[in-house]
Amino acid sequence: MKHLNVQNISQSFGENHVLDDINFSIEEGEFVSILGPSGSGKSTLFRIIGGISEPTSGDILLKNKSIKGKPGSISYTPQSPSLFPWRSILDNVLLGQEIVGKKDRKKALQMIERAGLGSYEHAYPYELSGGMKQRASFIRSILSPQSLILLDEPFSALDEFTRTDMQKWLLSMWAEHRRSILFVTHNIEEAIFLSDRVIILSQRPATVLKEFNISFSRPREEELLLSEEFIELKKEIYQEMRLSHA
Amino acid sequence: MRKLLKQGWRPILVLILLFIIWELSVIVFEIQKWLLPAPSEIFKIGVAEWPNYYGHVLATSKLIIIGFIIGSSIGIIVAVALHLVKFLRLSMYPLIILSQNIPIIILAPLLVVWFGFGMFPKILVITLVCFFPIAISLLGGFQQTDRDLMHYMKMAGANKKQIFWKLEWPSALPYLFSGLKISATYSVMGAVISEWLGASKGLGVYMTLASSSFRPDRVFVAIFIIVAISLLFFLFIMWLEKVVIRWHSSEKRDSNETS
């Protein structure tokens with residue numbers, strides 16, 4: 001059974017055609033990245049999967065049940081950490097649970113500890129660095145009861161080294177919790193390094209150009225980024241995207 | 001308090017300077033006492049007649065506090081109602097602004113005609129001046145809610161009630177407090193004006209009496225007491241803001257230290 005099934009999604013706003021017949025799926029426990037140029041309608045797609053916009057046509061299935069127009073069916077990590085400034089880190093990571101179900105403080109404290117944010121559980125977000133905020137935001141998603149996590153370019157605002165650290169941290173968290181992840185980025189390297197599968201979107205109106213299976217063994221280390229196969233694959237994807245860009 | 005002194009010494013110095021100029025002018029130009037008393041004179045009267053003032057201060061303070069609490073509650077209710085119900089916002093918002101164009105001084109005697117000399121017309125006057133800054137400020141605060149946080153709440157499946165209590169209300173709190181600060185000073189004015197209309201006790205009554213019996217020294221004492229009450233009230237709201245909004249004040253503290 002597919003965990004998430006995106007079926008023939010099209011979206012237009014009047015004359016403006018944004019998404020054109022998008023199809024893809026995610027297996028249980030799979031890490032899938034969507035790679036697309038900026039302005040390709042990724043956020044529109046996310047609003048549809050998240051249930052806060054209705055597509056012009058098509059359907060979204062989560063474990064074979066339609067979640068079209070039903071918010072709260074997936075867990076969401078936004079581009080900016082979006083922590084609530086008046087909540088402590090502990091209360092922030094509990095927010096997802098608070099909205100749809102029961103709070104589990106003990107587990108939350110454990111996760112905070114594991115994420116290297118121990119001793120910060122009662123701090124306010126402004127006391128944390130960018131990377132720490134992003135980690136807290138991701139913990140909030142993992143703690144949320146929904147089984148599929150949507151990550152919207154979560155590392156785009158971080159510097160190169162923090163970004164690499166965060167990617168490795170994300171992979172370790174994923175390995176531990178085995179949730180299905182849909183990750184959106186416009187960074188080719190990031191997409192290959194993290195994913196089992198990379199889906200390439202075209203320019204507007206966006207449609208699925210191609211899918212790449214990434215078969216590098218896990219756990220993956222930074223050295224992989226410099227290996228020949230990695231660079232070969234990066235080239236291939238780059239050319240694919242370049243072609244559609246012209 | 002130390003911070004207050006640190007930043008407040010300049011205006012205090014200017015104030016002292018003004019008092020010295022005032023004192024000297026009265027002496028040099030030999031101004032009559034019933035025209036303009038010297039500050040030292042006012043101070044003397046204030047100390048000597050304090051037992052007389054005491055009752056008036058108490059009555060006015062009580063009126064201010066009751067009026068302020070009712071006025072700000074109504075301000076909050078109006079803002080929340082207008083925010084949550086779009087139809088109300090569209091139909092009522094212009095009328096609320098209109099309500100502030102009514103000259104209170106003219107309206108107040110009418111209120112007495114309608115409702116008598118009791119507490120009610122006075123509270124009504126204070127409420128009328130108090131609710132407006134709070135309602136407008138809070139409503140603006142609701143509309144300033146962070147879009148990213150709102151997007152998160154919607155994606156997480158939050159309902160309207162959750163969005164309001166977990167996001168919109170706390171994020172509008174700083175705006176509520178700026179409204180409360182303005183209303184705090186307005187409510188003092190409102191109380192004094194409402195007492196002019198007729199009351200048995202209160203600084204407003206005392207002022208009218210002193211003024212009509214040509215005792216400017218007493219008028220000035222009353223003015224200084226009113227200013228002091230306003231200031232104290234304002235500082236109290238500021239303190240309350242610091243206690244309630246900890247996540248903001250600490251950021252402000254940081255930026256103050258660096259500037």
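Below, chains carry the letters A, B, ... as their sequence lines are ordered, and counting in each starts from 1.
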Any [X] side-chain heavy atom under 4.5 Å of [Y] side chain:
X	Y	value
Pro85(A)	Asp146(B)	no
Lys166(B)	Arg87(A)	yes
Tyr152(B)	Leu95(A)	yes

Is it the side chain or the backbone of Leu167(B) that comes within 4.5 Å of chain A heavy atoms, both, or neither? both
Take Ser171(B) and Phe84(A), measure what side-chain contact (heavy atoms from CB on, under 4.5 Å) needs, and give me the verdict at the end. CA-CA 9 Å; Ser171(B) 87; Phe84(A) 289 48; over 6 Å; no
Give a yes or no on this: more than 12 heavy atoms of other residues, nucleotides or ligands lie within 6.0 Å of atom [atom1] of [X].
X	atom1	answer
Lys68(A)	NZ	yes
Met150(B)	CE	yes
Tyr54(B)	OH	no
Tyr186(B)	OH	no
Arg105(A)	CZ	no
Phe132(B)	CZ	yes

Roughly how far apart are Asp148(B) CG and Leu83(A) CG, rounded to 0.5 Å? 11.0 Å
Separation between OG (Ser88(A)) and CZ (Arg246(B)), nearest 0.5 Å, reads 10.0 Å
Toward chain B, the part of Ile49(A) with a non-hydrogen atom under 4.5 Å: neither
Using non-hydrogen atoms only, which part of Gln146(A) is less than 4.5 Å away from chain B: side chain, backbone, both, or neither? side chain
Please list, in residue-number order, every residue in residues 75-82 of chain A that has a heavy atom less than 4.5 Å from any heavy atom of chain B; write 'none' if there are none. Tyr76(A), Pro78(A), Ser80(A), Ser82(A)
Any chance you could lay out the side-chain contact (heavy atoms from CB on, under 4.5 Å) test for Lys154(B) and Arg47(A), step after step, and finish with the verdict? CA-CA 10 Å; Lys154(B) 284 187 176 156; Arg47(A) 293 176 67 88; over 6 Å; no
